[in-house]
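Letters A, B, ... mirror the listed sequences (proteins, then strands); counts begin at 1. Source: prediction; values computed, not measured.
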2 protein chains.
Amino acid sequence: MADGMALTARRKRLAPEARREQIVDAAVCYFAEVGLAGTTRDLAKRAGITQALLYQYFGSKAELLEAVFARVYLDRMSPHWPGLITDRRRPLRERILTFYAEYAGAIFSYEWLRIFMAAGLAGEALNRRYLDHVRDVLLAPLLDEIRFAARPDAQPEMEDLWNLHGGIIYLGIRRHIYHLPTPDDVMPVIERAVDRFLAGFAIGQ
Amino acid sequence: MADGMALTARRKRLAPEARREQIVDAAVCYFAEVGLAGTTRDLAKRAGITQALLYQYFGSKAELLEAVFARVYLDRMSPHWPGLITDRRRPLRERILTFYAEYAGAIFSYEWLRIFMAAGLAGEALNRRYLDHVRDVLLAPLLDEIRFAARPDAQPEMEDLWNLHGGIIYLGIRRHIYHLPTPDDVMPVIERAVDRFLAGFAIGQ
DNA sequence: TCTTTAATTGGTCAAATGATCAACGACGGG
DNA sequence: CCCGTCGTTGATCATTTGACCAATTAAAGA
C-alpha cells in the first residue's frame with residue numbers, strides 16, 4: 001500500500017502503434033482546445049510524455065497535424081449515407097431525417113468542429129476537399145431525390161441545399177465554436193427545418 | 001525626376017491618431033489573413049513601420065488585438081435595423097429581405113468573418129457578446145414580428161430563427177473561411193430561404 | 001538470468017518572438 | 001536659423017519553440 005506510485009508513476013515502453021495512437025488522441029484533444037498554434041511541449045505534457053518523444057513518431061509538427069486531420073476526418077463519413085439517401089423505398093422525409101440525425105451525431109463534436117474550422121482559417125486544402133466530397137456524395141444525390149419528388153415548377157438548386165445544410169451545421173458552430181447555449185437535442189430543430197424545406201418545394205410528408 | 005524616393009522613401013512623422021489608425025487598418029488585414037497568432041514583426045513589415053513602433057501605440061499584442069476587434073465590429077451593426085424590422089407599415093417579407101440584404105452587405109467581408117471566427121476559436125468573449133446582441137436586438141424582434149403574422153397553430157421558436165440565420169451566414173463561411181465558390185449575388189438564395197421560412201409558418205407574401 | 005533491442009528521456013541548439021530603451025531626426029515655435 | 005519636442009528607429013534582452021542527439025532503461029528473447 002505504501003507503494004503509491006502506481007498512478008503517477010513513469011509511463012514507459014508502449015508498443016509503437018499504441019504510443020502513436022495515444023499521441024494522436026491527445027493531439028486531437030489538445031489542438032481542438034488551444035488551436036493549431038499550440039506548442040509541442042504543452043501537448044507532450046498533457047499526453048504525459050516528453051516533447052522529444054513526439055519527434056520519434058512524427059518528423060515535424062506539420063506531420064503530426066496531418067495525423068490529427070486524418071484521425072478527425074477518417075470514418076466520420078459513413079459509406080452507407082449515399083445508399084440511405086437514394087433508397088426510394090423509404091419516404092424522402094424519413095431518409096433526410098435519418099441522414100441528418102446520423103450526420104449531426106458524427107459531426108457535432110467539439111474536436112471535429114473546432115479542428116475543421118481552424119484548418120479552414122489556416123488555409124488547409126482539407127476543408128475544400130471535404131466539402132467537395134459532401135457536395136458530390138451527399139448533397140448532389142439529395143438534390144436529385146428532392147427534385148424527383150418536387151413539382152416541376154418548384155425545383156430546388158444546389159445553393160438551396162447548402163442553405164439547408166448550413167442552417168443545421170450552424171447549430172454545431174454556435175455550440176462548439178462560440179460556446180453558446182444550444183438545445184441538448186438538436187433533432188426537433190433539424191426536423192422542423194427539413195419540414196419547412198420540403199414544404200417549400202411542395203413535397204408532402 | 002532623379003528624386004525617385006517619393007514612393008519607397010522612409011515614412012516618418014505621422015500624427016499619432018493617423019498612425020494609430022494606419023496600424024489598426026493594417027492589423028485587421030494582416031490578422032484576418034494569417035490568424036491571430038501572426039507576429040508583430042510581420043505586421044510591422046506589412047504596415048511599413050518598425051516593430052518597436054507598435055509598442056508606442058499599444059502596450060502589448062493583446063491590446064492591439066483588442067483594437068482590431070473594436071475596429072472590425074464597430075458600426076457593423078446598424079442602429080436602424082431594429083426599427084426596420086418592427087416597422088409594420090411595410091410587408092414583413094420586404095422588411096426581412098431588406099434587413100438581410102444590408103446585414104449580408106455588412107458581414108460578408110473577408111476580414112469580418114475570419115477575425116470573428118478566429119476570435120471564437122481563441123475563446124474570446126466577444127463572440128458571445130456579439131451574438132447575444134444579435135439575438136436580443138435583431139432576432140428577438142424578428143421573432144415577434146413573425147409570430148404576429150403567423151397562424152397561432154404554427155408559431156416559430158427562437159431556434160428556428162437561428163436556423164434561418166445560420167443558413168444565410170453559412171454562405172459567408174463557405175466563401176471566406178473555406179474559400180469555396182459561392183454565388184456572386186447572394187440575394188436570390190437568401191430570398192428563397194426567407195420565402196421558404198415564411199411559408200413554413202403559413203405567412204403569405 | 002543475461003543479453004540485446006529499441007523505446008524513452010534529459011539536455012541542448014538555433015531561430016523566432018514579445019517587449020524594452022537609449023538614441024536619432026523630422027517638424028513646429030521662437 | 002536655431003532649438004526643443006516627440007514620433008521613430010536600431011539594437012538588444014528574455015522566453016518560447018521546433019527540432020535533434022547521445023545516454024538511459026524497460027522489456028523481449030535465449
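Between A/Arg71 and A/Glu21, at least one side-chain nitrogen of the basic residue sits less than 4.0 Å from a carboxylate oxygen of the acidic one, meeting the salt-bridge criterion.
Residue B/Gln51 contributes atom CD, which lies 11 Å from atom C1' of D/dT9 at whole-angstrom precision. Straight-line distance from the CD atom of A/Glu63 to the C1' atom of D/dG18: 14 Å, rounded to whole Å. In this structure, B/Ile23 places its CD1 atom 11 Å from C1' of D/dT8, rounding to the nearest Å. Rounding to whole angstrom units, CG of residue B/Asp42 and P of C/dT17 are separated by 7 Å. For the pair B/Arg41 CZ and D/dT12 P, the interatomic distance rounds to 13 Å; values are reported in whole Å. In this structure, the CG atom of A/Leu65 is 15 Å from the P atom of D/dT17, given to the nearest Å. In this structure, A/Ile49 places its CD1 atom 12 Å from P of C/dG10, rounding to the nearest Å. Distance NZ (B/Lys61) to C1' (C/dT20): 18 Å, rounded to an integer number of Å.
Contact between the side-chain N/O atoms of B/Thr40 and the OP1/OP2 oxygens of C/dT17 is not found at any separation under 4.0 Å. In this model, the phosphate group of D/dG7 is not approached by any side-chain N or O of B/Arg19 to a distance below 4.0 Å at OP1 or OP2.
Candidate nucleotides D/dT17, D/dG10, D/dG7 were compared by shortest atom distance to the side chain of B/Gln56, and D/dG7 ranks first. For A/Tyr55, the listed nucleotide lying nearest its side chain is D/dA19; candidates were C/dA19, C/dT8, D/dA19.
Side chain A/Arg13 to base C/dA6: a donor-acceptor pair is found below 3.5 Å.
Residue whose closest nucleotide on DNA chain D sits further toward the 5' end, between A/Thr39 and A/Leu53: A/Thr39. Mapping B/Ala15 and B/Ala52 onto DNA chain D by nearest heavy atom places B/Ala15 at the nucleotide closer to the 5' end.
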Determine, step by step, whether A/Glu111 and A/Arg76 satisfy the salt bridge (charged side-chain N to carboxylate O under 4.0 Å, His left out) criterion, reporting the C-alpha distance in whole Å, the side-chain angles of both residues, the deciding distance to 0.1 Å, and the verdict. CA-CA 12 Å; A/Glu111 289 77 19; A/Arg76 270 255 161 58; 5.9 Å; no
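Between A/Trp81 and A/Phe99, the ring planes are perpendicular. Angles over 60° get that label, and only those under 30° would be called parallel.
Side-chain contact between B/Ile168 and B/Leu164: present, with at least one pair of heavy atoms (C-beta onward) separated by less than 4.5 Å.
Summarising the geometry, atom CZ belonging to A/Arg128 is positioned 12.0 Å from atom OH belonging to B/Tyr178; distances are rounded to the nearest 0.5 Å.
The residue A/Tyr57 sits close only to the backbone: its heavy atoms come under 4.0 Å of sugar-phosphate atoms, none of a base.
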